[in-house]
There are 2 protein chains.
Amino acid sequence: MSTSNEKKEVTIYDIAAALQISAATVSRGLKNHPAIKQATKDRIFAQAERMGYRFNTFARNLRTKRTYTIGVIVPRLNSMFMSDVIAGMEKVSNEAGYELIISQSLETMEKEMKNAVTMFNNRVDGLLVSLAYTTTGIDHFKRFFDKNIPLIFFDRVFEHPNCPNIVINNYKAAYELTSYLIQQGARRIMHVAGNLNRNVYSQRFKGYRDALLDNGIQFQEGWLIVNNLSAEDGIHTAKHIYALTERPDAVFVANDTCAVACMQELKRNGIYVPKDILVAGFNNDPIATVVEPNLTTVNYRGPEMGEMAAKTLINLLNGNGEQHTAATIMLRHELIIRDSTQRPQ
Amino acid sequence: MSTSNEKKEVTIYDIAAALQISAATVSRGLKNHPAIKQATKDRIFAQAERMGYRFNTFARNLRTKRTYTIGVIVPRLNSMFMSDVIAGMEKVSNEAGYELIISQSLETMEKEMKNAVTMFNNRVDGLLVSLAYTTTGIDHFKRFFDKNIPLIFFDRVFEHPNCPNIVINNYKAAYELTSYLIQQGARRIMHVAGNLNRNVYSQRFKGYRDALLDNGIQFQEGWLIVNNLSAEDGIHTAKHIYALTERPDAVFVANDTCAVACMQELKRNGIYVPKDILVAGFNNDPIATVVEPNLTTVNYRGPEMGEMAAKTLINLLNGNGEQHTAATIMLRHELIIRDSTQRPQ
DNA sequence: TTAATTTATGCAACCGATTGCAAAAAAAAA
DNA sequence: TTTTTTTTTGCAATCGGTTGCATAAATTAA
């Protein structure tokens, strides 16, 4: 095993012995317990410092059965949005004395299940989850419910009596965006969605469809494309559109990655945006301002979502907010209009 | 405190009692110890399942003084590169029975120091670090050296006798890229670098400078711009270039974000890439293939770097590789030539 | 059938902080 | 000075696996 030239670890017993007091006093002193005289505390801290003491989290966890740790499971870390979300969570958590354990499901239910087990074994006090693409149910979180470990979904959520949800109003955002496209003169509007089992995509689809409906446009089956919203899917979508005899005059894609890829492939095939077709995305990724023309999209602030999720969880953990734990918290979004949907007159 | 309607936790003692055997046997059985008869193991596992037993990590950690946890500190999570790195680390770690604790320094030394303390208190068995932008020294890792906790730097590294480094050959990559620009006919080549205290930027600068030198081009002080390589810095850089009386005919920027922003701002000011000026970046971010023209850059595979870093660390932890722990491991990179540097004839 | 091996299991002392309760010390009241 | 009250501090059991060493059980050899 490991090179074991580490010297013996210093414990509160060592400090107690050196100071001729009891370990109990040291334990209390170190955590600033009011029953300990200031003078004693000072001596304890000084001695701890002098001996190079480090607190043993495990001994405490073993005893208290709490870890002051929050588990986070997200599909992927590599988006500005997720990074922002996590930064927000970290801020709130650290201020409240909690640590974060982060893991990514890489969009598969299988990995998500493994992550859940790991989190469970690491005895996180609570869990913040945004569901993977392929997740079909949430039985893998049952153990958390059984043990009364609070679980909060954010962004990609699941309706469950035990779980508050933190989301944006995907329905409304899609409705607004679609209405805007109609207002720009579009009549044949396609929608590229992700897995409709995920709330974010089903809600966006519904918002889109209802906007059509409310504007007297009959939704046609062929206008809906469901795929994984990857860049490759964007290219496929463009090819599909290109091959249509009756082409759409606008496409609303449920994320920016796919929208951008689609737009570029359309352009390569001589279909220009926004001249020939309007394109809009969702998320406001950095690429949206790089692609030409710049992409119209929906922005929602990640830090806010992360903060809200962490705050809600910590309130639950501290026993506050039991009286009024909201089932769903909706954060605000904003439509960002750029050149990709500005029909030239 | 928390709603405490959780039932009593099941322990190996409960399993032992139910099966009329000793806790020691249960403990060994659960971890598949060869000294336990298969039949006994089967009974143990079945009983554990039946009683809803969950392993207590803390009791083990307390006893073994190992956590099977690896700490990871990175500047930011929100890049494809970092996400890839972490995916690679996770793969190798999980296969070897280790968990990852990930935190981001958000490019500041202050946060990095805090993260280091957290990791230390969480008793990670080892640490994988890529340094923040503003980090000026590594005293905050001294406690790890003192306790003989292995620390490996990757990408943004620091030379230290105790720490293996996992990097790419930034010098060579920059040298090759610059040579290529010269070959394309460029003679007045600017370089936009990040903080020169970070190896990645100083090495890229040196590679650039030596390539000039070796091609008989005299490096001029004004050709070097040092900034934070953000998008805003890219715009500033473009404005700076625009204002020059004697403009460069090529710019080599040390990352893609900044390169792209710079390119776009140049374009807005009527300076066209690659007609008027060649632009190259570094990293091969997704935006490099979205911007027009597509950006020439240097690719290096994150997963490989993550895997290598984790492997090296785990070898150290397991006591292998002590005889030949390399001080520096260099991974391969590749020059990716795209339109932004193709001078039209 | 008995002795020599091999295999399987148990004993019990750890790891280090926590905390209810009791007792000692110090301060205030009588 | 004695008694009462308030502060401080200590005792000791507890959390739940782990593991060296000893012993019992099962197998094999004699």
Side-chain angles (χ1 to χ4, degrees), chain A residues 1-2 4 6-45 47-48 51-68 97 120-123 125 147, chain B residues 1 4 6-45 47-48 51-69 97 120-123 125 147:
Chain A
M1 297 302 142
S2 157
S4 58
E6 304 95 8
K7 341 176 176 44
K8 197 102 172 56
E9 200 74 28
V10 178
T11 73
I12 55 171
Y13 298 101
D14 301 325
I15 299 177
L19 255 38
Q20 309 261 48
I21 59 180
S22 81
T25 302
V26 176
S27 173
R28 294 197 178 96
L30 285 174
K31 58 172 34 147
N32 224 8
H33 192 288
I36 304 296
K37 212 193 325 185
Q38 189 55 48
T40 312
K41 282 180 192 167
D42 293 343
R43 291 173 60 220
I44 292 171
F45 278 114
Q47 186 66 21
M51 298 176 82
Y53 166 79
R54 78 166 158 165
F55 181 74
N56 189 322
T57 321
F58 309 122
R60 178 196 55 184
N61 290 351
L62 177 59
R63 189 63 230 261
T64 62
K65 303 184 165 195
R66 292 191 66 178
T67 61
Y68 295 94
F120 188 70
N121 287 336
N122 279 318
R123 285 175 147 77
D125 289 345
K147 286 248 191 301
Chain B
M1 297 301 143
S4 57
E6 305 94 9
K7 341 171 176 50
K8 195 105 172 58
E9 200 76 29
V10 178
T11 72
I12 54 170
Y13 297 102
D14 301 324
I15 299 177
L19 256 37
Q20 310 261 49
I21 58 179
S22 80
T25 303
V26 176
S27 172
R28 293 196 178 98
L30 286 173
K31 58 171 37 145
N32 223 6
H33 192 287
I36 305 295
K37 212 193 324 183
Q38 188 56 48
T40 312
K41 282 181 193 168
D42 293 343
R43 292 172 60 220
I44 292 172
F45 277 114
Q47 186 66 23
M51 300 177 79
Y53 167 78
R54 79 165 157 168
F55 182 74
N56 190 320
T57 321
F58 310 123
R60 177 196 58 183
N61 290 351
L62 177 59
R63 188 63 231 257
T64 63
K65 304 185 163 193
R66 293 189 66 178
T67 61
Y68 296 93
T69 292
F120 188 71
N121 287 336
N122 278 319
R123 281 170 207 250
D125 288 345
K147 284 250 190 299

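Everything quoted here is computed from the prediction, not taken from an experiment. Labels below follow one simple rule: chain letters A, B, ... track the order of the sequence lines, proteins then strands, and each chain is numbered from 1. Heavy atoms only: backbone and side chains are in, while hydrogens, waters and symmetry mates are out.
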Assess the side chains of A:N121 and B:T57: does a donor N or O sit below 3.5 Å from an acceptor N or O?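 Short answer, no.
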
Measure [atom1]/[X] against [atom2]/[N] and give the value in whole Å, please.
| X | N | atom1 | atom2 | value |
| --- | --- | --- | --- | --- |
| A:R123 | D:dC15 | CZ | P | 13 Å |
| B:N121 | C:dA17 | CG | C1' | 14 Å |
| B:Y13 | D:dG17 | OH | P | 7 Å |
| B:R43 | C:dA8 | CZ | P | 15 Å |
| A:R66 | D:dC15 | CZ | C1' | 16 Å |
| A:H33 | D:dG10 | NE2 | P | 14 Å |
| A:R54 | C:dA17 | CZ | C1' | 15 Å |
| B:R28 | D:dT18 | CZ | C1' | 8 Å |

Could you check whether any side-chain heavy atom of [X] comes within less than 4.5 Å of a side-chain heavy atom of [Y], counting everything from C-beta outward?
| X | Y | answer |
| --- | --- | --- |
| A:M51 | A:I15 | yes |
| B:R66 | B:Y68 | yes |
| B:T11 | B:N56 | no |

Any [X] side-chain nitrogen or oxygen under 4.0 Å from OP1 or OP2 of [N]:
| X | N | value |
| --- | --- | --- |
| B:S27 | D:dT18 | yes |
| B:K65 | D:dT18 | no |
| B:S22 | C:dT9 | no |
| A:K31 | C:dT18 | yes |

Please report the shortest heavy-atom distance between A:G29 and A:I44, naming the atom on each side.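 The answer is CA-CD1, 4.0 Å.
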
Nearest to the side chain of A:A59, which nucleotide is it out of C:dG16, D:dT19, D:dG16?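 Side chain of A:A59 sits closest to C:dG16.
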
Between B:K37 and A:T64, which has a closest nucleotide on DNA chain C that is more 5'?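 Going by which nucleotide is closer to the 5' end, it is B:K37.
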
Nearest-nucleotide 5' precedence on DNA chain D, A:T40 against B:R63: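 Going by which nucleotide is closer to the 5' end, it is A:T40.
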
Reckon B:I21 touches a base, only the sugar-phosphate, or nothing at all at heavy-atom distances under 4.0 Å?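 Sugar-phosphate, no base atom in range.
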
